[in-house]
Q: 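Below are the structure tokens for one structure; questions will follow.
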Amino acid sequence: MTSLDDYNFELSEDDEYYQFVEDSDYESDYSSGKVLKVDESFQGSDDLRLRYKSLSTNELYDDVMERVEFVRTITQLSTDSMIILLRLYGWNEEKLLEDYTENPSEILEKGGLIVPEHCKKRDLTDKPHYTCLICCDSYSKVPVFRMECGHEACINCYRTYLTSTLKKPKAPTCMSCHLSITSSDIDRIFGNKEFSKKHICLSFETFINKHSKNYKWCPYTGCGNIIYSNNESTLNEMLKRHKIPEVECSNKHAFCFYCSTEVHTPSDCKIAQYWIQKVRDESTNLNWILNNTKPCPFCGTSIEKNGGCNHMTCQSCHSEFCWICDGKWAIHTDNYVCKFQNEKKDNTINKSITKRFTDGYKMFIVHENSSDLDLKLAGTIESKIFTLQKELGISWIEGQFLSESIKILLHGRSVLKWSYAIGVFCDPSHNLTHILEQNQTMLSNAVESLSLKIQIKDPKVLIKSKAEFHDASSLVNGRVVALEKCCQELLIKGICKLEAI
Amino acid sequence: MSRIVKEYMGLQKRLQTPEFSWISFLAPVDDDDLSEWVCRFQGPSESPFEGFELGLNITIDLEKYPISGGPRVLFEPRTVAHPNVKWDTGEICLDLLKDAWTPIYTLLDVVGAIRDLLADPGLDSPLDLDIAQIYDADYEAYVQIVRYRLEEARLARV
């Protein structure tokens, strides 16, 4: 298990590579070059901000091509050969240059770039009455691609072949020997430049893995954007100060640059990663919590939670109860917060570690599920605004308070959720831990009441309570700031420690 | 599609030649469906497999063969004890069947490569760790196991 003592943020993988980069002159030359027109994206509260830019695959292609050109000036090879060698080396330029200077011919041989001498150059020509050796089809006339090695096949076979080699990290080779097929060959065979580009773009997976210190895929499913940042000193400083290097790709997906996970404010990266791991390990035991249905505590009917709030009403026996403690709702007088969960906590100060984890995990999951449901609710917001426009003649701009509120709600839930991860690792006897719990209760309070408002269906009631929306939203915002501050303090003062568990 | 038809047409003639006399049978299960094949061949000489006949089940994806992918080849399950063969399924670990496949190879090349593998196992990437270890530590014992298993399978067939 990790302790806070080895709380350093060096990436363990790629360490070697990272060292190398720091020493190598050309890398820094390159880094300070024109590629680094980085947006001044502000981040975090204090003076610290991570400079980064969001790239699409196409933009990354341009960047990589510039990189290729740069390495090319050192080796004096053609661009095509350079791409092949870099793909062979999984885009590890340093290793390639090192090996290349040592033994150029060996590397060229490995890359399938040594062309047999005194041979007919590779060409793509129309041949009459041709039977292709690969597909065994006979053509009256067909373009045939032939390499220096003498191996040839009809253009159809080559097209299918090149399509099927698309996903391999290495550049494609002749079907019968190791001679490499270059990007320009691919362009000739397909008659356009799109395909060779696709070939190269698909090998970026390895490129980004190799340069994972500076490049990160957007972790959102199907997004495919890439974040580039070479602002390592700031990154390390932020991590040291328990700040989260939050970045946002051009599709507005926010994530933590260090962990490549959702934004986990106010937990720092160390705790978030440990938490995620722990949850993964333990979730099999705690799976029942994940279950979205619960029997009604009064009549036993299975109930699915389909709204964000914890106030449940059984459709079968009409009894009202609290989702968190299963108690009667009537005793929950304090603005939709479940005090009884907290009371239980107070009674057992010397709770076992597992119990603390289980409780924290339960709350984490409750808010995660609620936030999923809120997210679904958010999907209906646009149509709600549309109804407002249609039925009450409210302008679109005026209806925007709904979208704003849902954004604030989701943010509040996320902060609340991750604060439970911190809570688990805090010294339970410390006063600040109690303050944290109070802050959690207050935020939870605020979030639940906002969530309840957003669920209002009647457009007239909605527009009437606009002011209330505003109040509830700013309350959530205020609570979020307070909770974040509290967590920050817990982390900095070392009250929240991983060895606590 | 056309390629496998051509291979099939030329196959019987090639099987008559001395070069392939060790293959006793290689044909599709059903003449109308060239995706399922069966092969029987003699174990390579000077190997524990000498004197035994081995069976292969070959599946060909007619959409992909030969350009985007080679055939899928399995030994008859629970017959071949070999470091690169999974005992229960007959799965074969051979680069030619995986990454090293190129359209230039034919079914005969594949069967030949599998026969070579029997005589000369690749110990750096074993599928069956136990057999690989026995092969390494006590070759005689390995030979005995292989022959015992083959004999068992032969008796079961009769």
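Residue numbers start from 1 in every chain, and the chains themselves are labelled A, B, ... in the order their sequence lines are given, proteins ahead of strands.
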Q: Applying salt bridge (Lys or Arg N to Asp or Glu O under 4.0 Å), name anything that partners B:Arg14, two or more places apart in sequence or on another chain.
A: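 Expected list: none.
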
Q: Hey, which residues of residues 145-164 of chain A are touching chain B, say heavy atoms under 4.5 Å apart?
A: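 Listed by number: A:Cys157, A:Thr160, A:Tyr161, A:Ser164.
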
Q: To the closest 0.5 Å, what do you measure between OG1 (B:Thr102) and CE (A:Met175)?
A: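 Going from OG1 on B:Thr102 over to CE on A:Met175, the span is 8.0 Å.
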
Q: Say you draw a straight line from CD1 of A:Ile134 to CD1 of B:Ile67; how long is it, rounded to the nearest 0.5 Å?
A: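 One finds 7.0 Å between CD1 of A:Ile134 and CD1 of B:Ile67.
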
Q: Within a reach of under 6.0 Å around NZ of A:Lys197, are more than 12 heavy atoms found that belong to other residues, nucleotides or ligands?
A: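 Counting neighbours around NZ of A:Lys197, more than 12 heavy atoms of other residues, nucleotides or ligands fall under 6.0 Å, so yes.
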
Q: How long is the gap from CZ on B:Arg3 to CG on A:Asp137, to the nearest 0.5 Å?
A: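 With rounding to 0.5 Å, CZ (B:Arg3) is 11.0 Å from CG (A:Asp137).
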
Q: Within the supplied structure, the quantity of interest is the number of heavy atoms (other residues, nucleotides, ligands) at a distance under 6.0 Å from A:Lys127 NZ; does it exceed 12?
A: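 Yes, the 6.0 Å shell around NZ holds more than 12 heavy atoms from other groups.
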
Q: Would you say CZ of B:Arg72 has more than 12 non-hydrogen atoms from neighbouring residues, nucleotides or ligands within 6.0 angstrom?
A: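 Count not over threshold, so no.
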
Q: Could you tell me whether B:Lys98 atom NZ has more than 12 heavy atoms of other residues or ligands within 6.0 Å of it?
A: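 Atom NZ in B:Lys98 is packed in, count exceeds 12.
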
Q: To the nearest 0.5 Å, tell me how far A:Cys135 SG sits from B:Lys6 NZ.
A: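 One gets 8.0 Å once the value is rounded to the nearest 0.5 Å.
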
Q: Taking ring pair (Phe, Tyr, Trp, His ring centres under 6.0 Å) as the definition, give me every residue that meets it alongside B:Trp101, ordered by chain and number, with sequence neighbours left out.
A: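 With sequence neighbours excluded, B:Trp101 shows a ring pair (Phe, Tyr, Trp, His ring centres under 6.0 Å) to B:Tyr65, B:Tyr105, given in chain and number order.
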
Q: List in chain and number order the residues that pass salt bridge (Lys or Arg N to Asp or Glu O under 4.0 Å) with B:Arg40, two or more places apart in sequence or in another chain; answer none if no residue qualifies.
A: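 If we apply the salt bridge (Lys or Arg N to Asp or Glu O under 4.0 Å) test to B:Arg40, skipping adjacent residues, the hits are B:Glu53, B:Glu76.
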
Q: Taking atom OH of B:Tyr148 as the centre, report whether more than 12 heavy atoms of other residues, nucleotides or ligands fall under 6.0 Å from it.
A: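 For B:Tyr148, atom OH is not crowded (no more than 12 foreign heavy atoms under 6.0 Å).
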
